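In what follows, a single structure is set out as structure tokens and then discussed.
Please read all numbers here as calculations on a predicted model, not as lab measurements.
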Amino acid sequence: VCNCFKSGFRNLRGLRVMSNFRIKNAINIGDKVICGVSGVVGIVEKFYHPTSLEEQTMILCPDGRRYHAPTREFYKI
């Protein structure tokens, strides 16, 4: 497995393409988002790939707490 997967890219027949979800959802660092499961709202701080898990997103909530959840659960508002 190449390291390009960890940065949000997949190697498909020698081409580097963005993960399908990131393109479809189009959330970026600094965007205001809401978690579709819990309803938590905040500003995106970072994306990361824990070992053997799907991509996660960390947001900063208005009260100063940090919230982590799978990227697929967030929607831009």
Discussion item. Could you tell me if the side chain of Thr71 sits less than 4.5 Å from the side chain of Ile27, heavy atoms only?
Written reply: yes
Item to complete: State, with a plain yes or no, whether a side-chain heavy atom of Cys61 is found less than 4.5 Å away from one of Val40.
Response: yes
Worksheet item: Do Val33 and Ile59 have side-chain heavy atoms sitting under 4.5 Å apart?
Response: yes
Worksheet item: Do the side chains of Arg72 and Glu54 get nearer than 4.5 Å, heavy atoms only?
Response: yes
Discussion item. Between Glu55 and Pro70, is there a side-chain heavy-atom distance shorter than 4.5 Å?
Written reply: no
Worksheet entry | From CD (Glu45) to CG (Leu60), nearest 0.5 Å | 4.5 Å
Worksheet entry | Nearest-0.5 Å distance that lies between atom CD1 in Ile43 and atom CD1 in Ile29 | 12.5 Å
Worksheet item: What pairs of residues pass the salt bridge (Lys or Arg N to Asp or Glu O under 4.0 Å) test when at least one of them lies in residues 56-65, not counting sequence neighbours?
Response: Asp63-Arg65
Worksheet item: Do Tyr67 and Ser38 have a side chain donor and acceptor closer than 3.5 Å?
Response: yes
Worksheet item: Would a 4.5 Å heavy-atom cut-off, applied to side chains only, mark Met58 and Tyr48 as touching?
Response: yes
Worksheet item: Side-chain contact, heavy-atom cut-off 4.5 Å: Phe74 with Ile34?
Response: no
Worksheet, complete the sentence: Interatomic distance, NZ@Lys46 vs NE2@His68, rounded to 0.5 Å, equals 7.0 Å
Discussion item. If you compare all heavy atoms of Val44 against all heavy atoms of Asn28, which two are closest, and at what distance to 0.1 Å?
Written reply: CB-O, 3.5 Å
